[in-house]
Amino acid sequence: ITDAAKEKARSIAKRLVGQADMYVGFGGVPWYLVAVLHYKEAHLDPKRQILNGEPFSRKTRMVPVGLGPWNDWRESTEFAVKYWLGGVLKNIPEERWCVPLALMVLERWNGLGYRRRGIHTPYLWCGTPYYKSGAFFSDGRFQPKRSLRAVGAAVVLRVMYENGDLTDNDVKPVVDRPIVYDPHGL
């Protein structure tokens with residue numbers, strides 16, 4: 001992790017942890033996953049929903065198009081978790097969630113366009129040596145020479161772990177019954 005990314009991630013993590021109560025109670029999905037989605041999709045703006053960062057008070061115009069409006073942030077987040085996470089991974093017991101699983105879900109949430117191009121997604125890896133360049137600047141429009149600067153979700157989660165905001169149980173997968181995840185198999 002670059003020093004600049006780590007510094008930004010510390011600031012983001014502090015805000016996420018400071019409002020952690022806001023991210024609890026979404027159908028067994030861990031608070032840190034909802035928190036990072038709020039950062040990545042809505043820049044922590046409570047007037048924007050986590051599906052794609054648009055205001056929750058109107059129908060979405062970007063992918064996914066035509067959803068909403070919702071009465072408040074919580075209602076929009078409940079919908080997003082049920083609508084999207086419910087489709088990505090069904091029936092994952094709360095005790096099975098871990099950061100590696102959350103990273104897979106986050107990649108799928110943002111889309112697999114980077115994977116198809118052989119690039120580590122900046123949604124997760126921006127601020128690490130794993131991501132150099134290539135970015136989608138709108139749905140479906142890829143620019144190979146441009147780079148994103150926002151700190152990746154993996155960087156934020158790593159800093160949260162280093163700060164003691166996530167436990168060893170949060171970051172270690174349960175290996176007695178592995179979860180089979182096919183990012184292309186929805």
Side-chain angles (χ1 to χ4, degrees), residues 1-20 22-23 26 29-46 48-54 62-64 77 80-81 84-85 88-89 92 97-168 170-173 179 181-184:
I1 300 173
T2 67
D3 291 340
K6 195 170 235 183
E7 207 49 47
K8 286 181 191 175
R10 281 189 187 113
S11 173
I12 294 161
K14 184 176 181 180
R15 287 184 65 192
L16 295 176
V17 170
Q19 56 196 39
M22 158 178 193
Y23 305 122
F26 291 101
V29 175
W31 75 270
Y32 56 83
L33 176 57
V34 178
V36 170
L37 280 168
H38 191 213
Y39 155 63
K40 291 303 294 177
E41 294 294 337
H43 309 288
L44 301 177
D45 184 339
R48 297 185 173 273
Q49 41 78 16
I50 65 172
L51 280 170
N52 60 16
E54 292 183 271
M62 298 185 299
V63 174
T77 302
V81 167
W84 194 242
L85 287 181
V88 173
L89 292 172
I92 300 299
W97 279 99
C98 59
V99 169
L101 179 59
L103 291 174
M104 289 188 291
V105 169
L106 286 163
E107 181 181 21
R108 181 63 184 95
W109 183 283
N110 186 242
L112 299 173
Y114 292 99
R115 180 180 287 248
R116 292 182 188 115
R117 293 173 185 276
I119 298 170
H120 289 91
T121 176
Y123 197 80
L124 302 180
W125 304 111
C126 197
T128 74
Y130 299 117
Y131 172 74
K132 300 288 184 214
S133 68
F136 287 94
F137 284 89
S138 62
D139 290 324
R141 295 190 179 185
F142 184 76
Q143 297 181 15
K145 294 184 181 180
R146 294 204 44 202
S147 296
L148 296 176
R149 293 187 184 101
V151 175
V155 176
V156 174
L157 290 169
R158 173 64 187 237
V159 165
M160 290 169 73
Y161 175 68
E162 289 174 358
N163 290 346
D165 302 317
L166 299 178
T167 68
D168 286 341
D170 293 323
V171 298
K172 291 182 182 173
I179 295 168
Y181 173 76
D182 176 4
H184 305 287

About how many Å separate [atom2] of [Y] and [atom1] of [X], when rounded to the nearest 0.5 Å?
X      : Y      : atom1 : atom2 : result
Leu16  : Lys14  : CG    : NZ    : 12.5 Å
Arg108 : Thr121 : CZ    : OG1   : 12.5 Å
Tyr32  : Trp97  : OH    : CH2   : 7.5 Å
Leu33  : Asp170 : CG    : CG    : 11.5 Å
Ile12  : Glu7   : CD1   : CD    : 11.0 Å
Glu41  : Trp109 : CD    : CH2   : 7.0 Å

Does [Y] offer a backbone N or O that forms a donor-acceptor pair with the side chain of [X] under 3.5 Å?
X      : Y      : result
Tyr39  : Arg15  : no
Gln49  : Glu54  : yes
Lys132 : Ser147 : no

Would you name the heavy atoms of [X] and [Y] that are closest together and state the gap between them?
X      : Y      : value
Ile119 : Phe142 : CD1-CZ, 3.5 Å
Lys145 : Ser133 : O-CB, 4.4 Å
Ala153 : Leu106 : CB-CD1, 3.8 Å
Ala9   : Val151 : CB-CG1, 4.0 Å

Test side-chain contact (heavy atoms from CB on, under 4.5 Å) applied to Lys6 and Val155, step by step:
CA-CA 7 Å; Lys6 195 170 235 183; Val155 176; 5.7 Å; no
When Tyr114 is tested against each of Trp125, Tyr123, Tyr131, Phe136 for ring pair (Phe, Tyr, Trp, His ring centres under 6.0 Å), which residue passes?
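Exactly one candidate clears the test, Phe136.
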Any chance you could lay out the side-chain contact (heavy atoms from CB on, under 4.5 Å) test for His43 and Arg48, step after step, and finish with the verdict?
CA-CA 8 Å; His43 309 288; Arg48 297 185 173 273; over 6 Å; no
Does any non-hydrogen side-chain atom of Ile1 lie less than 4.5 Å from one of Arg158?
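Yes. Closest side-chain heavy atoms under 4.5 Å.
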If you apply the rule side-chain contact (heavy atoms from CB on, under 4.5 Å), what do you find for Met160 with Asn163, and how did you get there?
CA-CA 5 Å; Met160 290 169 73; Asn163 290 346; 5.8 Å; no
Using the side-chain hydrogen bond (donor to acceptor under 3.5 Å, both in side chains) criterion, which residues pair with Tyr23? Sequence neighbours excluded.
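For Tyr23, the residues satisfying side-chain hydrogen bond (donor to acceptor under 3.5 Å, both in side chains) (neighbours in sequence not counted) are Gln19, His38.
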